[in-house]
Amino acid sequence: MATPAHTTQRTNPLTELTLPSLRSRTSAKWRRYSSDVLPLWVAEMDVAPAPPVREALERAVTSGDLGYPAGTAYTEALAGFADDRWGWSISPGHMATVADVITGYVDVISMLTEAGSDVIVNPPVYPPFFSYLKAAGRNVIDAPLGEDLRLDFSALEDAFRRATDGGRPAAYLLCSPHNPTGVAHTRTELEQVATLADRYGVRVVADEIHAPLVYAEHEFVPYLSVAGAENGFSLMAASKAWNLAGIPAAIVIGGPAAQRELASYASSPHHGPTHLGTIAQTAAYRHGAAWLDDLMAGLDANRRLLGTLIHEHLAGADYRLPEATYLTWIDCRPLELDEDPSAHFLEHARVALNSGPTFGAGGEGHVRLNIATHPDIITEAVRRMGASTHLG
Ligand SMILES: Cc1ncc(COP(=O)(O)O)c(C=O)c1O
């Protein structure tokens with residue numbers, strides 16, 4: 001029997017596209033800055049679609065299958081992927097679809113808490129953790145990561161205590177794996193989270209959008225698979241790992257002790273995903289594992305390349321290999337550039353990075369650099385960054 005081409009040819013998705021073809025893209029990554037800037041900022045990847053995703057989208061567009069979403073294919077596809085990839089058995093019946101991950105965590109936290117409730121986050125963290133929750137009338141409080149960039153349990157306990165003081169409902173928005181540090185929380189750490197949350201009655205909502213992007217020597221542990229996490233929620237999507245931010249579709253998963261709340265959410269009027277997003281993300285989970293393996297091999301090479309380049313051109317900057325994600329977190333304080341080195345690198349190196357301070361406490365002097373691109377682009381960007389440290 002013939003095997004599809006994408007399972008026989010091992011290619012690096014990160015070396016398929018050239019700079020001129022990327023420059024013709026119209027998405028945020030390639031349009032925010034002028035054409036002399038190398039964009040290594042927002043979490044888009046410089047890849048062509050995974051063949052099974054492209055084929056599913058082509059089929060839908062060609063046949064005009066562009067109506068409203070229906071059925072349970074997407075949640076079933078995630079259940080199959082979770083079982084194959086993480087050995088985690090989760091019923092599609094414990095899931096509900098939602099427009100995108102941000103909408104999902106805002107909706108779930110709004111349901112679990114009340115106006116003015118405290119929501120705990122771990123800065124430095126993905127900036128929309130602050131902005132969208134504040135817009136939803138929640139009070140965001142910090143439990144900063146430790147010096148080692150991992151969860152700091154005494155800071156977490158202190159925040160849980162303050163948040164629940166007086167019996168108010170509170171939630172904890174956990175980023176797992178963590179954006180921007182690339183930390184993959186261990187089972188032991190997640191069990192400790194569950195124990196603390198149970199002790200203080202804090203509801204845990206885990207944003208697990210980066211879950212498929214864990215490097216081989218580390219492990220993704222689904223929060224809802226750990227002991228004590230039964231009344232937690234998780235948000236998942238294929239959009240980061242298969243580069244589908246333009247056609248989002250996300251899934252809310254409720255733990256066994258959160259099923260009544262999940263059912264009430266599922267039957268409430270909320271924004272659902274588009275049909276095209278659902279088709280694409282279903283294909284990714286169902287048939288995209290081989291492509292994901294190739295991507296992870298390319299990202300693994302890129303995260304190591306970045307280490308070599310930093311050593312060569314930005315000696316002193318502190319960079320630790322990420323355990324997960326294509327987002328890297330670089331401490332530029334030893335370079336004595338600025339509180340926001342991204343402004344320096346944009347002006348003097350014409351390289352666009354994410355600004356560390358926008359990730360909250362602990363972001364000063366840092367930048368986030370996206371390695372999901374051609375290695376030649378990373379090489380040129382870091383060379384330019386190194387040269388710029390003698391300027392300005
Ligand atoms: C941790 C995290 N959550 C959510 C999102 C955005 O998800 P969505 O586009 O589905 O709202 C991102 C995007 O980079 C992210 O890093």
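Counting begins at 1 with the first residue of the sequence. Both counts, for ligands and for their atoms, begin at 1 and track the order of listing. Since we're looking at a predicted model, the values are computed, not measured.
The pair Glu217-Arg303 meets the salt-bridge criterion, with a side-chain N (NZ, NE, NH1 or NH2) lying under 4.0 Å from an Asp/Glu carboxylate O. Note on Asp293 versus Arg85: salt bridge recorded, some NZ/NE/NH1/NH2 to OD/OE distance being below 4.0 Å. Using a cut-off of 4.0 Å between Lys/Arg side-chain N and Asp/Glu carboxylate O, Arg59 and Asp65 are scored as not salt-bridged. Salt-bridge check for Asp165 with Arg162: failed, with every basic side-chain N at 4.0 Å or more from each acidic carboxylate O.
Protein heavy atom closest to atom 11 (O) of ligand 1, with residue, atom name and distance, is Ile102 N, 3.0 Å. The protein heavy-atom contact nearest to atom 10 (O) of ligand 1 is Val101 N, 2.8 Å. Looking at atom 7 (O) of ligand 1, its nearest protein heavy atom turns out to be Ile209 CD1, 3.3 Å. Of the protein's non-hydrogen atoms, the one nearest atom 6 (C) of ligand 1 is Tyr126 OH, 3.2 Å.
Below 30°, between 30° and 60°, or above 60°: for Tyr74 and Tyr285 the angle between ring planes is below 30°, a parallel geometry. Between His270 and Tyr265, the ring-plane angle classifies as parallel under the 30° and 60° cut-offs.
Considering backbone and side-chain N/O of Asp207, one or more are found under 3.5 Å from N/O of ligand 1. Backbone and side-chain nitrogen or oxygen atoms of His210 are examined, and one is located within less than 3.5 angstrom of a nitrogen or oxygen of ligand 1. Any N or O atom pair closer than 3.5 Å counts here, and Tyr105 shares no such pair with ligand 1.
Short contacts between ligand 1 and Cys175, defined as distances under 4.0 Å to a heavy atom of the residue, involve ligand atoms 1 (C). In summary, the atoms of ligand 1 found under 4.0 Å from a heavy atom of Ala43, numbered by their order in the structure, are 14 (O). Each of the atoms 13 (C), 14 (O) of ligand 1 lies under 4.0 Å from some heavy atom of Lys240.
Residue-level proximity to ligand 1 for Asp100 is carried by backbone and side chain together, each with a heavy atom below 4.0 angstrom.
Proximity of Phe233 to Ile109: side-chain heavy atoms (C-beta onward) are nowhere separated by under 4.5 Å.
What you find for Arg333 and His366 is that their closest heavy atoms are NH2-CE1, 3.7 Å.
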